[in-house]
Number of protein chains: 2
Amino acid sequence: MNKRYTIGQAAEATGLSIHTLRYYEKEGILPFIKRTESGIRIFDDEDIQRIEFLNCLRNTGMPIHQLKEYVDLALQGDKTIDERVRMLENQKEKVEHEMNVLKSYIDMINYKTDLYSKLKNEMTKAHLQ
Amino acid sequence: MNKRYTIGQAAEATGLSIHTLRYYEKEGILPFIKRTESGIRIFDDEDIQRIEFLNCLRNTGMPIHQLKEYVDLALQGDKTIDERVRMLENQKEKVEHEMNVLKSYIDMINYKTDLYSKLKNEMTKAHLQ
DNA sequence: CCTTGACCTAGAGTGAACTCTAGGGTGTAT
DNA sequence: ATACACCCTAGAGTTCACTCTAGGTCAAGG
């Protein structure tokens, strides 16, 4: 039961817009999409999964041209697995680094809100005197 | 010893470009910058710190218009502290949420690299047989 | 004085990633 | 057979956040 989807249903399933799916295909990062004889795109469950993974990479900040690089490697078959793994590990490191940076920003924001609440406290005291 | 800085030195100190500093001022998020009589910008240590904090917010994904909103509140004085704290708490939640999402993406990438290494393993076995 | 490097403004240009439009085809239900 | 929702393409438009350019001003050293 490998379901078929139109582009509208694929958009629904992946959370991307129809426009974005067509754009991604045009950019070459969805080379696996089939068509009917009349030219209408057909997606199956595997396609949806692949799009979801690409979207995951995209959401970690990987730019389109690099997604294309990854997909192009995949199209060349198993001999490129090492290189694909390298890309993924590299992206993972970037995300981990980004998370550490975000953590430090949270600390800065906390520091600031602490300052504010102390300031409020002072103001209240001053008011009561 | 509250040092003075030209825009070039301020750029150096904050890691932003001269262009970006001027752009931020034009957008109204650096209303505290003074000028010499002849119109040249002067930054002091406090300015540098404020810019660094704004840049921290910016790097967490807060858009320019919202930074402006925050700065506009600050210009109105202490009576807006609650609202500013609300903005900061809100941004903090967004960052925390983003970190969780990134964490889940790391899990997805790990899952994929595991698949790849299993696949490699199978291939090696097959080759040895 | 004059050169030189850093500063100024207004406004144009850039790059990334969509997002939309116009004009036209498809397919299914009445 | 016609209405209607959904599909297609090519290409234009949008948004965001810078980034740069042209044409000029300023200030310190020689």
Side-chain angles (χ1 to χ4, degrees), chain A residues 3-44 47-48 51-71 91 94 98 101 105, chain B residues 3-44 47-48 51-71 91 94 98 101 105:
Chain A
K3 276 201 209 129
R4 307 285 139 142
Y5 306 86
T6 64
I7 195 169
Q9 293 163 333
E12 173 84 5
T14 60
L16 296 172
S17 76
I18 291 178
H19 294 307
T20 301
L21 287 173
R22 289 204 269 245
Y23 165 68
Y24 280 3
E25 193 203 32
K26 192 157 55 179
E27 292 300 308
I29 69 181
L30 308 179
F32 42 78
I33 298 174
K34 314 288 180 302
R35 303 275 187 134
T36 64
E37 276 183 20
S38 57
I40 291 179
R41 291 177 185 81
I42 314 167
F43 301 70
D44 62 22
D47 294 339
I48 301 294
I51 291 167
E52 276 168 352
F53 184 65
L54 290 170
N55 192 33
C56 149
L57 290 180
R58 179 73 203 87
N59 285 334
T60 64
M62 186 180 281
I64 303 292
H65 70 84
Q66 212 171 331
L67 288 175
K68 172 150 171 53
E69 201 183 311
Y70 179 81
V71 169
Q91 188 65 15
K94 277 190 185 155
E98 173 67 9
V101 173
Y105 289 149
Chain B
K3 277 202 209 128
R4 306 285 137 142
Y5 306 86
T6 64
I7 197 170
Q9 293 163 335
E12 174 84 3
T14 59
L16 297 172
S17 76
I18 292 178
H19 294 309
T20 302
L21 286 173
R22 288 205 270 245
Y23 165 66
Y24 280 4
E25 193 203 34
K26 192 157 57 179
E27 291 300 309
I29 69 180
L30 308 179
F32 42 78
I33 297 174
K34 314 289 180 300
R35 303 277 186 131
T36 65
E37 275 183 21
S38 58
I40 290 180
R41 292 177 185 81
I42 315 166
F43 301 71
D44 62 23
D47 294 339
I48 301 295
I51 291 167
E52 276 167 352
F53 185 65
L54 290 170
N55 192 34
C56 149
L57 291 180
R58 180 72 202 88
N59 285 334
T60 64
M62 186 180 282
I64 302 292
H65 71 85
Q66 214 171 331
L67 287 175
K68 173 149 170 54
E69 201 182 312
Y70 179 80
V71 169
Q91 189 64 14
K94 278 190 184 154
E98 173 66 8
V101 173
Y105 290 149

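So you know, we letter chains A, B, ... as the sequences are listed, proteins then strands, and number each from 1.
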Short N-O contact, B/Arg58 and B/Glu52, less than 4.0 angstrom: no
N or O in side chain of B/Ser38 less than 4.0 angstrom from C/dC8 OP1/OP2: no
Interatomic distance, B/Ile18 CD1 vs C/dC8 P [rounded to whole Å]: 8 Å
B/Ile42 CD1 to C/dC8 P, straight-line distance once rounded to whole Å: 10 Å
Other residues, nucleotides, ligands: >12 heavy atoms within 6.0 Å of B/Glu12 CD: no
A/Tyr24 or A/Ile40, whichever maps to the more 5' nucleotide of DNA chain C: A/Tyr24
Residue whose nearest DNA chain C nucleotide is more 5′ - B/Lys26 or B/Ile7: B/Ile7
Spacing between A/Arg22 atom CZ and C/dT19 atom C1', to the nearest angstrom: 11 Å
Contact under 4.0 Å: B/Arg35 side-chain N or O vs C/dT9 OP1/OP2: yes
Test log, rule side-chain contact (heavy atoms from CB on, under 4.5 Å), inputs A/Thr36 and A/Ile42: CA-CA 7 Å; A/Thr36 64; A/Ile42 314 167; 3.5 Å; yes
Distance, rounded to the nearest Å, where B/Tyr23 contributes OH and C/dT9 contributes P: 16 Å
Donor on one side chain, acceptor on other, A/Gln91 and A/Thr60, under 3.5 Å: yes
C/dA6 OP1/OP2 closer than 4.0 Å to side-chain N/O of B/Thr6: no
Exercise: identify the closest heavy-atom pair between B/Gly8 and B/Ile18: CA-CD1, 3.9 Å
Verdict with supporting geometry, A/Val71 and A/Phe32, side-chain contact (heavy atoms from CB on, under 4.5 Å): CA-CA 10 Å; A/Val71 169; A/Phe32 42 78; 5.6 Å; no
Spacing between A/Glu27 atom CD and C/dA17 atom C1', to the nearest angstrom: 9 Å
Distance in angstrom units between B/Leu21 CG and C/dC7 P, rounded: 11 Å
Protein-nucleotide distance (A/Ile64, atom CD1; C/dA17, atom P), rounded to Å: 5 Å
Boundaries of the DNA chain D segment in contact with chain A, non-hydrogen, under 4.0 Å: D/dC7 to D/dG11
First of B/Pro63 and B/His19 reached from the 5' end of DNA chain D, by closest nucleotide: B/Pro63
Contacts of A/Lys3 that satisfy side-chain contact (heavy atoms from CB on, under 4.5 Å) - sequence neighbours left out: A/Tyr5, A/Asp45
Atom-pair distance (CD on A/Gln66; P on C/dA16), nearest Å: 12 Å
